[in-house]
There are 2 protein chains.
Amino acid sequence: MSGDVHAAVAARLQSADGRYTSARRRLVEVLAAAGQPLTVGDICRDSGLALSSVYRNLGVLEEAGIVHRLAGHDEFARFELAEELVGHHHHLACSSCGAMTDVRLPPDVEAELDRALSRLARKERFAIETHRLDVVGRCRTCASTGG
Amino acid sequence: MSGDVHAAVAARLQSADGRYTSARRRLVEVLAAAGQPLTVGDICRDSGLALSSVYRNLGVLEEAGIVHRLAGHDEFARFELAEELVGHHHHLACSSCGAMTDVRLPPDVEAELDRALSRLARKERFAIETHRLDVVGRCRTCASTGG
DNA sequence: CAACTTATCGAGAGTGAGTCTCATTCTGCA
DNA sequence: TGCAGAATGAGACTCACTCTCGATAAGTTG
Ligand SMILES: [Mn+2]
Ligand SMILES: [Mn+2]
Ligand SMILES: [Zn+2]
Ligand SMILES: [Zn+2]
C-alpha cells in the first residue's frame, strides 16, 4: 500500500538482480493489504495470478528477504511480508481453522525475552538469528462457534 | 527409558481405546531416547518399523496426546513426546540443517511471558491453549563448518 | 520503428512427503 | 483352541509444491 513499502521492495529486488514486475507488485500489494499470513490459495484468488507464477515469485521475493514463509498448524504454508518491512511481531495461531493473526508484545517483555534467549544461545554456542513465538489456541470465531 | 513414561503412555492410550502394542512402545522408546524432535526418516531407521506403520501410529499417539507433531525449518515434519510427558520447553531451530534441540527458559522469564500472553489473548478474545517459541539460527556444527 | 537479447509468464507435467487400502498377522478372551 | 476385533505393512494414491519449456513482455541498440 504505502509507497514506502514499494520503494523498499524495489531496492531489495534490484540488489538481488530482479525486476519489480507487475506480478511481483501485485503479490506485495495483496500481502500488505491482508496484514496477516496468507495461504497460496488466498494469494491466487486475491491476485488473479497463475499458481506457478505465485509460487515462483514468492520464491524470488523470499530469496530477496521481502517475503517470509511460515508453517501453520494445517497442511498449508503461509506467506507474509518480512519483518524488515513490517516490523517484528508474533502470531495468534488458531488450532482449529489454522488462521494466523499478527500480534505484538509489549516492548519491555520483548526486550527481556531477547536477553534471556541471548544468554541461552551463548551457553549452547548457538548463533541466534531471530525468534518465532506463536500463541496457539482458538480464534475468536472458532471459540464462539465451537468449530 | 523410565517406566514412568511408559505407564503414563499406557494410561493415556487406554482412555483413548487404543492398545500399547510393541510398535507403539518402540516409537515412544525411540522418541524418548532421542530427547529432541525426530523426522520420520530418523524414526524409521531407529525403530525398524514400516513407513506406513510409523505414520499411522504417530497419528494414534498424537491423537492420544502422547506425541506432538511440529514443523521444522525444512520440508520434513518432526515428532517429539508431548509436553504433558516431558515438560514444557522450547527449541533451538537451525536454519541451515533443520536440526532442533530442546531448551528451557528460566522459570521467571517463562512466567512473565505467560502473563503477557494472557493479557494479550484476553484483549483479542483468543482462547489460549499454549505457546510455541523457536529460537532460529545456526546450530553449533553449522556455525563452525559454515554449512 | 525493426531486430535482437534477456527475463518473466503460465499451462501442464513431475516430485515426493504423507495418507489410504486391504489382505495378512497379531492379540485378547472365552 | 477358536473366534472377533485390532494392528501390521507393502503398495497404490493424494495433493501441495516444484520444474519444464514454449510463449510473451520488456529493455537495448542502431
Ligand atoms: Mn505476521
Ligand atoms: Mn522438544
Ligand atoms: Zn479459528
Ligand atoms: Zn545446523
Side-chain angles (χ1 to χ4, degrees), chain A residues 9-10 12-31 37-64 66-80 97-100, chain B residues 6 9-31 37-64 66-80 97-100:
Chain A
V9 169
R12 279 177 176 273
L13 262 181
Q14 237 161 4
S15 62
D17 65 30
R19 295 178 187 169
Y20 197 18
T21 65
S22 64
R24 289 167 191 173
R25 176 175 287 264
R26 194 166 307 169
L27 287 182
V28 170
E29 281 166 355
V30 166
L31 291 174
L38 296 180
T39 65
V40 169
D42 297 332
I43 297 171
C44 270
R45 181 171 26 72
D46 295 357
S47 69
L49 294 171
L51 183 70
S52 55
S53 294
V54 169
Y55 274 114
R56 173 166 27 75
N57 285 313
L58 284 176
V60 170
L61 294 173
E62 189 186 18
E63 201 79 19
I66 294 157
V67 156
H68 183 227
R69 178 192 307 237
L70 53 105
H73 279 72
D74 51 23
E75 66 206 284
F76 305 102
R78 289 169 193 257
F79 295 86
E80 65 178 356
C97 71
M100 304 198 79
Chain B
H6 284 304
V9 169
R12 278 177 177 271
L13 262 181
Q14 235 160 7
S15 63
D17 64 30
R19 296 179 187 168
Y20 198 19
T21 66
S22 64
R24 290 167 192 173
R25 176 175 287 262
R26 194 166 309 170
L27 287 181
V28 170
E29 281 166 355
V30 166
L31 291 174
L38 296 181
T39 66
V40 168
D42 296 332
I43 297 171
C44 270
R45 181 170 27 72
D46 294 358
S47 68
L49 294 171
L51 184 70
S52 55
S53 294
V54 169
Y55 276 115
R56 174 168 25 76
N57 284 315
L58 284 176
V60 170
L61 293 173
E62 189 185 19
E63 201 79 18
I66 294 156
V67 156
H68 183 227
R69 178 191 309 237
L70 53 105
H73 211 271
D74 51 22
E75 67 206 280
F76 304 102
R78 289 167 194 258
F79 296 84
E80 66 178 353
C97 71
M100 305 199 78

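Just so we're on the same page: letters track the sequence lines, and every chain starts at 1.
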- Query: Between atom CG in B:Leu58 and atom P in D:dA7, what is the gap in whole Å?
  - Reply: 15 Å
- Let me know the distance between CD1 of B:Ile43 and P of C:dG18, rounded to the nearest Å. 10 Å
- Considering residues, nucleotides and ligands other than B:Arg12, do more than 12 of their heavy atoms fall under 6.0 Å from its CZ? yes
- Expressed in angstrom and rounded to an integer, what is the separation of B:Phe76 atom CZ from D:dC17 atom P? 15 Å
- Which angle, to the nearest 10 degrees, lies between the helix axes at the two ends of the helix from C:dC1-D:dG30 to C:dA30-D:dT1, each defined by five pairs? 30°
Are any protein N/O atoms closer than 3.5 Å to N/O atoms in nucleotides 9-11 of chain D? If there are, list each pair with its distance.
from: D:dG9; atom 1: OP2; to: B:Ser53; atom 2: OG; distance (Å): 2.7
from: D:dG9; atom 1: N7; to: B:Ser52; atom 2: OG; distance (Å): 3.4
from: D:dG9; atom 1: N7; to: B:Arg56; atom 2: NH2; distance (Å): 2.6
from: D:dA10; atom 1: N7; to: B:Ser52; atom 2: OG; distance (Å): 3.2
from: D:dA10; atom 1: N6; to: B:Ser52; atom 2: OG; distance (Å): 3.2

- Query: How long is the line joining CG of A:Asp74 and P of C:dG18, in whole Å?
  - Reply: 14 Å
- Residue A:Arg19, side-chain heavy atoms: nucleotide from D:dC17, C:dA7, C:dG18 that is nearest: C:dA7
- Rounded to the nearest 0.5 Å, what separation is found between the OG atom of A:Ser53 and the CD1 atom of A:Ile43? 13.0 Å
- Query: Once you round to the nearest 0.5 Å, how far does CE of B:Met100 lie from CG of B:Asp74?
  - Reply: 9.0 Å
- Item | Crowding at CD, B:Gln14 (>12 non-hydrogen neighbours, <6.0 Å) | no
- Message: Does B:Glu63, at its CD atom, have more than 12 non-hydrogen atoms belonging to other residues, nucleotides or ligands within less than 6.0 Å?
- Response: no
- Measuring from A:Leu49:CG to A:Leu58:CG, what's the distance to the nearest 0.5 Å? 9.5 Å
- One should read off an interatomic distance between A:Glu62 CD and A:His68 NE2, to the nearest 0.5 angstrom, of 7.0 Å
- Taking all atoms of both residues into account, what is the closest heavy-atom pair of B:His6 and B:Tyr20, and its distance? ND1-OH, 2.7 Å
- Query: CZ of A:Arg24 versus P of D:dA25: gap in Å, rounded?
  - Reply: 16 Å
- Want to settle it: does B:Ser22 or B:Tyr55 sit nearer the 5' end of DNA chain C, counting the closest nucleotide to each? B:Tyr55
- Query: Looking only at heavy atoms, which two atoms of B:Arg24 and B:Leu13 are closest? And how far apart?
  - Reply: CD-CD1, 4.3 Å
- A:Leu70 atom CG is separated from D:dC17 atom P, nearest whole Å, by 12 Å
- Task: Check the distance between D:dA7's C1' and B:Arg26's CZ and give it to me in whole angstrom.
- Result: 14 Å
- Item | Length of the OH-C1' vector between A:Tyr20 and C:dT8, whole Å | 16 Å
- Between B:Thr21 and D:dT8, is there a side-chain N or O to OP1/OP2 distance below 4.0 Å? yes
